[in-house]
Amino acid sequence: MLSTSVSVGYPACPDASEPNQNDTTSQEITILGLGDSITQGGADFVSYLFPLQKKIRDARYRLKFIGPKPSVSPTDTVYNAGYGGKNAEYLASIVDSIYTRFPADVVLLHTGHNHFDTEKPVAGIIAAQQSIISKLTAINPRVIILVAQVITSGKLPKYSYIPALNEEIKAMVNHLNSKNLILVNQAKGWDWQKMTIADKVHPNAVGAEKMAQTWFRALKRKLSVRSK
């Protein structure tokens, strides 16, 4: 179990231009959200990291999001490694450089989009995810990686491979059989008709809340100590 013992105060809206992510005096558990635009957020949709950060703060867990990219809302900022338009193979090619700079205690991995079904991409995505996991654990053998079965999409046939991908992600995590890998089923209960914006891919506010709650349930199973 991860634990910590120092109380933390959180600013309402940190300055995105001057991140202080290397400050270790507060001894928070650090989290890196790793993925594509679903993680990063966009001009017309919100990242699930915002409602997740609120849940963490409300529960008074001592966690801090870190990463190379600040996603900014009118009231908050959350740091992450979400790369809009990029796929798992791209993340595998840069993850070691990212994680060397931002060696978080916990990584939230949600990647599988930004391919076409005609590419038959499942095997390549799984290989990329395995590479990501290998590179993270080589840098930090104690890293906790929450590996998501990704949200489904109504943008078809482009994303018709996702159900098959999710089965392979589950098989991969089971095969790797590591106590530091946690399978998180983001596809369970997901309804793209109600939970995505008009593009049928990216979460709307309801979808972001749903994703945040799913991540939060998984995180709670790994976090044992709350702030006083």
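Only heavy atoms go into these numbers, but all of them, side chains included; no hydrogens, no water, no symmetry mates. Just so you know, these numbers come straight off a predicted model, no measurement behind them.
Each of Phe116 and Ile151 belongs to its own hydrophobic cluster when Ile, Leu, Val, Met, Phe, Trp and Tyr are linked at side-chain heavy-atom distances under 4.5 angstrom. Connection of Leu32 to Ile94 is established within a shared hydrophobic cluster, with ILVMFWY side chains joined at heavy-atom distances below 4.5 Å, either directly or through further cluster members. Taken together through direct or relayed side-chain contacts under 4.5 Å among Ile, Leu, Val, Met, Phe, Trp and Tyr, Ile197 and Ile38 form parts of separate hydrophobic clusters. A continuous path of ILVMFWY side-chain contacts below 4.5 Å connects Phe216 to Val206, so both sit in one hydrophobic cluster.
Open room surrounds NZ on Lys200; 12 or fewer heavy atoms of other groups in view lie less than 6.0 Å from it. Other residues, nucleotides and ligands place more than 12 heavy atoms under 6.0 Å from the NZ atom of Lys55.
Put simply, the side chain of Thr30 never gets that close to the backbone of Lys64: no donor and acceptor are under 3.5 Å apart. Between the side chain of Thr100 and the backbone N or O of Asp96 there is at least one donor-acceptor pair closer than 3.5 Å. Listed for the Asn114 side chain is a donor-acceptor partner under 3.5 Å among the backbone atoms of Lys86. The backbone N or O of Met211 lies less than 3.5 Å from a partner atom in the side chain of Gln186, making a donor-acceptor pair. Remark: side-chain polar atoms of Gln149 are not paired, donor with acceptor, to backbone N or O of Ala187 under 3.5 angstrom. Ser93 contributes a side-chain N or O that, together with a main-chain N or O of Tyr90, makes up a donor-acceptor pair within less than 3.5 Å.
Taken to the nearest 0.5 Å, the CG atom of Leu91 stands 12.0 Å off from the NE2 atom of His110. Note that OH of Tyr79 and CD of Gln53 are 10.0 Å apart. Values are rounded to the nearest 0.5 Å. Put simply, NZ on Lys170 and CG on Asn166 are 10.5 Å apart, with the number rounded to the nearest 0.5 Å.
When side chains are defined from C-beta on, Thr214 does not count as touching Asn185, because their heavy atoms never get closer than 4.5 Å. Side-chain atoms of Arg217 and Val184, non-hydrogen and from C-beta on, never get closer than 4.5 Å to each other. With contacts defined as side-chain heavy-atom distances shorter than 4.5 Å, the pair Val78/Leu52 does not qualify. At a threshold of 4.5 Å between non-hydrogen side-chain atoms, the residues Ile132 and Ile145 do not count as touching. A 4.5 Å side-chain heavy-atom check between Met172 and Val147 finds at least one atom pair inside the cut-off. Taking the side chain as every heavy atom from C-beta outward, Val173 and Ile182 never approach each other to under 4.5 Å. Using a 4.5 Å heavy-atom cutoff, the side chains of Val201 and Thr196 are not in contact. Side-chain contact between Thr39 and Tyr48 is present, with heavy atoms from C-beta onward closer than 4.5 Å.
In this structure, Asn180 and Val143 approach most closely via the heavy-atom pair CB-O, 3.3 Å. Annotation for Asn87 and Thr111: closest pair C-OG1, 3.9 Å, computed over non-hydrogen atoms. Minimum interatomic distance between Asp76 and Arg57 (heavy atoms only, all atoms of both residues): OD2-NH1, 3.0 Å.
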Are Leu109 and Leu136 close enough, and set up right, to give a side chain to side chain contact (heavy atoms under 4.5 Å, CB included), and what steps lead you there? CA-CA 11 Å; Leu109 179 62; Leu136 293 173; over 6 Å; no

Step-by-step side chain to side chain contact (heavy atoms under 4.5 Å, CB included) determination, Ile125 to Glu89: CA-CA 7 Å; Ile125 296 170; Glu89 291 87 340; 4.2 Å; yes

Could you go step by step and tell me if His113 and Ile162 meet the side chain to side chain contact (heavy atoms under 4.5 Å, CB included) rule? CA-CA 8 Å; His113 293 75; Ile162 286 180; 3.4 Å; yes

For the pair Leu219 and Ile31, evaluate side chain to side chain contact (heavy atoms under 4.5 Å, CB included) and give the outcome as yes or no after the intermediate values. CA-CA 10 Å; Leu219 281 169; Ile31 307 179; 4.3 Å; yes

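Ring geometry for His202 against Phe45 counts as parallel: the plane angle stays under 30°, on a 0 to 90° scale with 60° as the upper cut. By the 30° and 60° cut-offs, the orientation of the rings of Tyr161 relative to His115 is perpendicular.
Annotation: ring pair (Phe, Tyr, Trp, His ring centres under 6.0 Å) contacts of Phe50 (sequence neighbours excluded): none.
Residue pairs that meet the ring pair (Phe, Tyr, Trp, His ring centres under 6.0 Å) test with at least one member in residues 169-194, sequence neighbours left out, do not exist here.
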